Amino acid sequence: MTNYAADRHSAFFRRNLQAIGTRTEGGLSSLDALIGIPLTPVAIDEAWVRHQMLGQPPEVALRRFRNLLMMALIERDVRGEAPLEEVLGAITHWAEVSVRHALQVAATELQEQGRTLLDSRGRPQDMLVVGMGKLGGGELNVSSDIDLIYVARDAGEEPRYLERIARRLGQLLSNVTADGFVFRVDTRLRPYGDVGPLIATLPALGSYFHEQGREWERFAWLKGRVIAHTGLAPFDSTRGDEQQLMQQVVPFVFRPYLDFPAFTALAKLHDMIRTEAGKTESRRARSDNAGFDVKLGRGGIREIEFCAQMFQIVRGGQDPSLRERSTPKALQRLARRRLLDESDVEQLLSAWRLLRRTEHALQYQEDAQTHWLSDDAAQHAAIAAMLGMSASEFDARLNDARNHVARVFDELLARLDVPPRVRVKDLSRGQGVKLRLVLALAHRPELLILDEPTSGLDPVARLDVLDVLRDFLVEEGRTILFSTHITSDLEQIADHLHIIGAGRTRFAGPLTDLAEQWAMARGPVSALTPAAEAALAGTRRNGVGAFSGLIRVSDTAAFGPDVVVEPPSIEEAVAAMTRGPGSDGLARHSRPAASAAPAQEH
């Protein structure tokens with residue numbers, strides 16, 4: 001009998017080795033064949049086809065092949081022959097294959113009863129299965145739940161048929177038999193969770209996104225993708241349903257503007273997760289099982305994922321290249337876009353690989369969905385051995401990785417989070433500029449006067465500001481006036497906007513001149529100076545109202561240190577501009593902190 005390295009490390013491997021040793025088909029020879037090759041999607045498909053030829057019932061075939069695949073992955077990983085990408089790719093691909101197979105079984109059983117899936121107009125339709133989370137991202141761990149959402153064109157003539165297929169799918173994959181299970185199926189990410197309909201129809205899903213979709217659901221749908229369908233409808237109609245689904249998902253997840261408020265939602269979500277992880281760690285410590293949650297703990301996998309998702313949610317609406325479901329690929333794209341420091345990304349990727357391998361080693365032991373690494377020296381030694389390290393090397397690398405992740409994550413939150421109400425004195429300069437721009441553009445003004453240089457901001461803040469300016473100019477009839485004291489900045493701004501000199505962006509004189517020119521706008525157009533007339537062309541209608549929404553992006557010093565910034569009214573903005581700089585007009589854009597709700601409550 002072959003000596004297997006995994007036999008020393010995994011009780012799951014030992015149990016199943018005994019079980020398959022007695023089989024004449026689908027036994028040790030099948031296991032050895034899988035161990036001897038890289039487990040690519042093609043290799044898995046070919047092995048699955050051969051396994052189905054044994055003629056086993058679907059419940060048996062799915063579970064026994066899953067156990068063979070898991071055993072092969074454990075052995076190849078422990079030997080150092082399977083890189084992390086192979087393990088993640090193999091489990092993800094098997095999840096997709098098993099879901100498709102279970103759907104085909106369920107759909108065939110329905111057809112054998114003389115029934116099929118029809119929409120409300122009597123046309124054939126398919127039930128779509130959306131893979132969420134790590135399944136959607138192609139990064140399933142070896143003993144993971146799979147998060148699924150079932151979607152149909154509409155409830156159809158017989159809604160119970162859709163539910164019957166969905167429940168049969170769950171039974172085929174999740175029920176525990178003598179051969180174990182295939183995947184634990186979790187459907188709680190659907191609209192309204194457990195209390196919502198098991199099948200989400202396209203109209204209902206669109207309404208839910210528009211009216212009730214919560215911020216955390218945007219992060220959940222970030223990785224969502226259709227992985228299977230029942231195969232009962234013509235290809236073109238099913239393809240159309242998939243496209244309609246994504247047409248609803250994309251604008252829900254990715255907003256067509258720089259979505260800074262999402263930072264606050266992400267920070268709150270992370271605080272909740274970190275708090276729960278802290279409670280778990282404290283509870284385990286009290287029961288003599290102190291340790292670290294490699295997924296949810298400080299410096300863990302979730303914080304690495306958040307580092308990517310922060311930028312994806314906020315910028316993905318404008319930069320489609322950031323709509324990447326894979327965590328490592330997303331981080332690499334952020335480095336190329338210079339949104340994250342390249343050295344920070346390298347450290348995050350190194351930490352991600354170590355933490356994911358540690359997670360797998362923990363799960364290999366008993367095929368349990370655990371992320372808990374106890375402080376027990378024996379467990380550390382066992383995990384280290386599975387990773388090909390000494391216990392001391394493993395501990396040192398793990399501590400370094402966690403510290404790097406926690407540092408980068410905390411710095412990102414501190415640097416990027418701009419709350420909706422904040423004391424000016426508590427803002428960094430970059431945060432202040434971003435906040436004032438966001439407040440200004442909330443009024444959808446036609447004219448924006450920029451009199452504060454963007455040079456000197458940190459790179460991320462500066463890119464945010466320039467992106468806001470670019471977005472402002474997307475619509476016709478909008479103008480930006482630049483004050484003369486930022487001439488040194490203008491060339492870089494022009495390079496980013498790509499439209500300076502194209503008739504929609506103008507350079508004007510000092511702000512004092514702008515204010516005078518603005519006051520003159522009450523008269524006929526001919527009363528304006530040529531520079532002002534050119535700058536304001538396309539925005540004037542009648543009188544002051546012609547320039548509705550004029551906002552000055554002012555310097556922080558114009559506000560008192562204890563002022564809470566709030567969006568000014570259009571009337572206040574226009575009045576402040578006509579009074580010019582140096583007056584007390586800008587004070588009317590804000591209110592004293594004493595009359596505002598405490599900043600920490602928001």
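Because the structure is a prediction, the values reported are computed rather than measured.
- Salt bridge annotation for Arg407-Glu411: present, with a cationic side-chain nitrogen under 4.0 angstrom from a carboxylate oxygen.
- With respect to Arg353 and Glu85, a salt bridge is recorded, a charged nitrogen being found less than 4.0 Å from a carboxylate O.
- In this structure, CZ in Arg356 is found 5.5 Å from CG in Asn141, a value given to the nearest 0.5 Å.
- Residues Val151 and Asp241 fail the side-chain proximity criterion, which asks for heavy atoms closer than 4.5 Å.
- Of all heavy-atom pairs spanning Thr327 and Lys223, the tightest one is OG1-NZ, 3.4 Å.
- Under 4.0 Å is where a charged nitrogen must lie from a carboxylate oxygen, and between Glu158 and Arg164 no such pair does.
- Salt bridge present: Arg168 and Glu109 bring a charged side-chain N and a carboxylate O closer than 4.0 Å.
- Under the 4.0 Å criterion applied to side-chain N and carboxylate O atoms, Asp119 and Arg121 are not assigned as salt-bridge partners.
- A cation-pi arrangement is found for Arg66 relative to Phe181, the charged atom lying closer than 6.0 Å to the ring centre and inside a 45° cone about the ring normal.
- Phe209 and Phe252 have parallel rings, their planes meeting at less than 30° on a 0 to 90° scale where 60° marks the start of perpendicular.
- You'll find the side chain of Leu88 stays beyond 4.5 Å of the side chain of Lys134, heavy atoms only.
- Pairing each heavy atom of His360 with each of Leu140, the nearest pair is NE2-O, 4.3 Å.
- With no hydrogens or angles considered, no side-chain donor-acceptor pair links Thr201 and Asp154 at under 3.5 Å.
- Nearest heavy atoms, Leu172 versus Arg63: O-NH1, 2.8 Å.
- The distance from atom CD1 of Ile165 to atom OH of Tyr150, rounded to the nearest 0.5 Å, is 11.0 Å.
- To the nearest 0.5 Å, atoms CG (Leu322) and CZ (Arg336) are separated by 10.0 Å.
- Of all non-hydrogen atoms in Leu135 and Thr92, the two that sit nearest each other are O-CG2, 3.8 Å.
- Contact check on Lys329 versus Glu324 returns no salt bridge, with no Lys/Arg side-chain nitrogen under 4.0 Å from an Asp/Glu carboxylate oxygen.
- Across Phe311 and Leu339, no two heavy atoms sit closer than the pair CZ-O, 3.4 Å.
- In terms of heavy atoms, Leu205 sits closest to Ala200 at CD1-CB, 4.3 Å.
- Look at Glu305 and Arg302 and you find a salt bridge, because one of the NZ, NE, NH1 or NH2 atoms lies within 4.0 Å of a carboxylate O, short of that distance.
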